Amino acid sequence: MPDPAALPAIVILTGAGISKESGLDTFRDADGIWARVRLEDVATPEAFARDPAGVHAFYNARRRGLRGAGIEPNPAHRALARLEQRWAGEFLLVTQNIDDLHERAGSARLLHMHGELLKARCERCGAIHRHQDDLLPETPCPGCAGCGGMRPHVVWFGEMPIAMERIEAALGRCRLFVSIGTSGNVYPAAGFVQRALRCGAHTVELNLEPSEGASLFRERHYGPASEIVPVFVERLLAAPR
């Protein structure tokens with residue numbers, strides 16, 4: 001068994017491209033959700049204050065879609081879970097996705113920087129609760145005696161992503177940074193590769209096509225995530241350490 005201290009620390013970033021192959025809509029593709037819905041109407045604190053029922057209806061539809069028949073982790077999700085389970089060294093999977101497909105595949109050393117669709121947060125007490133059903137403006141918080149005020153536990157435009165200090169610290173220690181299924185134009189995640197490079201990490205892009213920041217990656221592989229991610233993981237696990 002390799003000494004964990006001798007293994008390089010790994011940070012992996014995943015985006016919508018990995019979940020699209022499981023049948024979920026992306027937000028930024030030409031035919032994605034933002035091509036059909038104005039983000040200003042459903043994904044800002046101002047939208048929620050103005051029309052909580054409309055915002056809830058949008059996320060209720062996303063939640064029902066995530067629970068739909070046939071939506072399952074694909075080979076890329078499962079390969080990353082396998083890498084985590086076999087990697088004794090430091091490992092952190094950071095996802096921009098709000099679905100639970102990584103968890104369903106078995107990932108545990110995981111951060112959802114943009115929140116989680118199957119959770120709700122109380123605007124009054126800040127408590128976060130697992131919530132798989134529809135949310136309504138009057139949905140009570142389990143911890144606040146009927147106060148209502150529950151919102152989707154997702155990061156809206158204008159809000160700070162979750163756990164940024166922990167992510168920044170992990171990027172500063174990592175020696176391998178892998179970006180999977182990301183467009184490279186959503187910050188702060190798009191800047192992670194630069195942070196990793198400054199700290200001496202080897203950077204790898206696994207994507208359907210080159211991202212906007214493709215030139216920053218020292219190693220690049222393109223194709224469907226369900227095909228190229230398992231190949232990369234097996235090569236990494238087979239490499240001498």
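Everything numeric in this text was worked out from a predicted model, so none of it was measured.
By the criterion of side-chain heavy atoms lying less than 4.5 angstrom apart, applied directly or through intervening Ile, Leu, Val, Met, Phe, Trp or Tyr residues, Ile228 is not grouped with Leu208; the two fall into different hydrophobic clusters.
Using a 4.5 Å heavy-atom threshold, the side chains of Leu135 and Tyr59 count as separate. By the 4.5 Å heavy-atom criterion applied to side chains, Leu236 and Val178 are not counted as neighbours. Side chains of Ile180 and Leu80 form a contact here, defined as non-hydrogen atoms less than 4.5 Å apart. Residues Ser211 and Ser179 fail the side-chain proximity criterion, which asks for heavy atoms closer than 4.5 Å. Between Asp41 and Arg50 the shortest side-chain heavy-atom distance falls below 4.5 Å. Side-chain atoms of Trp87 and Leu237, non-hydrogen and from C-beta on, do get closer than 4.5 Å to each other.
Applying the ring-ring contact (aromatic ring centres under 6.0 Å, His included) test to every pair with at least one member in residues 107-126, sequence neighbours left out, gives no pairs at all. Screening residues 200-220 for salt bridge (charged side-chain N to carboxylate O under 4.0 Å, His left out) gives Glu219-Arg235 as the qualifying pairs, with residues at least two apart or on separate chains. Residue pairs that meet the ring-ring contact (aromatic ring centres under 6.0 Å, His included) test with at least one member in residues 60-84, sequence neighbours left out, are His77-His102. For residues 165-188, the salt bridge (charged side-chain N to carboxylate O under 4.0 Å, His left out) pairs, not counting sequence neighbours, are Glu90-Arg173, Glu168-Arg195. The list of side-chain hydrogen bond (donor to acceptor under 3.5 Å, both in side chains) pairs with a residue in residues 126-136, not counting sequence neighbours, reads Arg64-Asp134.
Proximity of a side-chain donor or acceptor of Glu84 to a complementary backbone N or O of Phe91 within less than 3.5 Å is not detected. Not a single donor-acceptor pair under 3.5 Å links the side chain of Arg124 to the backbone N or O of Ala127.
Listed by chain and number, the residues in a salt bridge (Lys or Arg N to Asp or Glu O under 4.0 Å) with Glu103 amount to none (sequence neighbours excluded). Legend: residues meeting side chain to side chain contact (heavy atoms under 4.5 Å, CB included) with Pro52, ordered by chain and number and at least two apart, are Phe48, Pro137. Here Arg78 pairs with nothing under the salt bridge (Lys or Arg N to Asp or Glu O under 4.0 Å) rule; sequence neighbours left out. For Arg63, there are no salt bridge (Lys or Arg N to Asp or Glu O under 4.0 Å) partners two or more places apart in sequence or in a different chain. The side chain to side chain contact (heavy atoms under 4.5 Å, CB included) check on Ile71 picks up Leu24, Leu66, Leu101, Arg104, with sequence neighbours excluded.
Here the closest heavy-atom approach between residue Val154 and residue Glu159 is recorded as O-OE1, 3.7 Å. Smallest separation of non-hydrogen atoms from Ala120 and Met150: CB-CE, 3.6 Å. Across all non-hydrogen atoms, the minimal contact from Pro230 to Ala225 is CD-O, 3.5 Å.
Under a 4.5 Å side-chain heavy-atom cut-off, the cluster of Ile, Leu, Val, Met, Phe, Trp and Tyr residues that includes Leu92 is completed by Val11, Leu13, Val94, Leu111, Met113, Met160, Met164, Ile167, Leu171, Phe177, Phe192, Val193, Leu197, Leu216, Phe217. Ile162 belongs to a hydrophobic cluster whose other members, connected by ILVMFWY side-chain contacts under 4.5 Å either directly or through intermediates, are Val155.
Here CG of Leu176 is found 7.0 Å from CD1 of Ile12. Values are rounded to the nearest 0.5 Å.
If you check the side chains of Asp99 and Ser19, you find a donor sitting under 3.5 Å from an acceptor.
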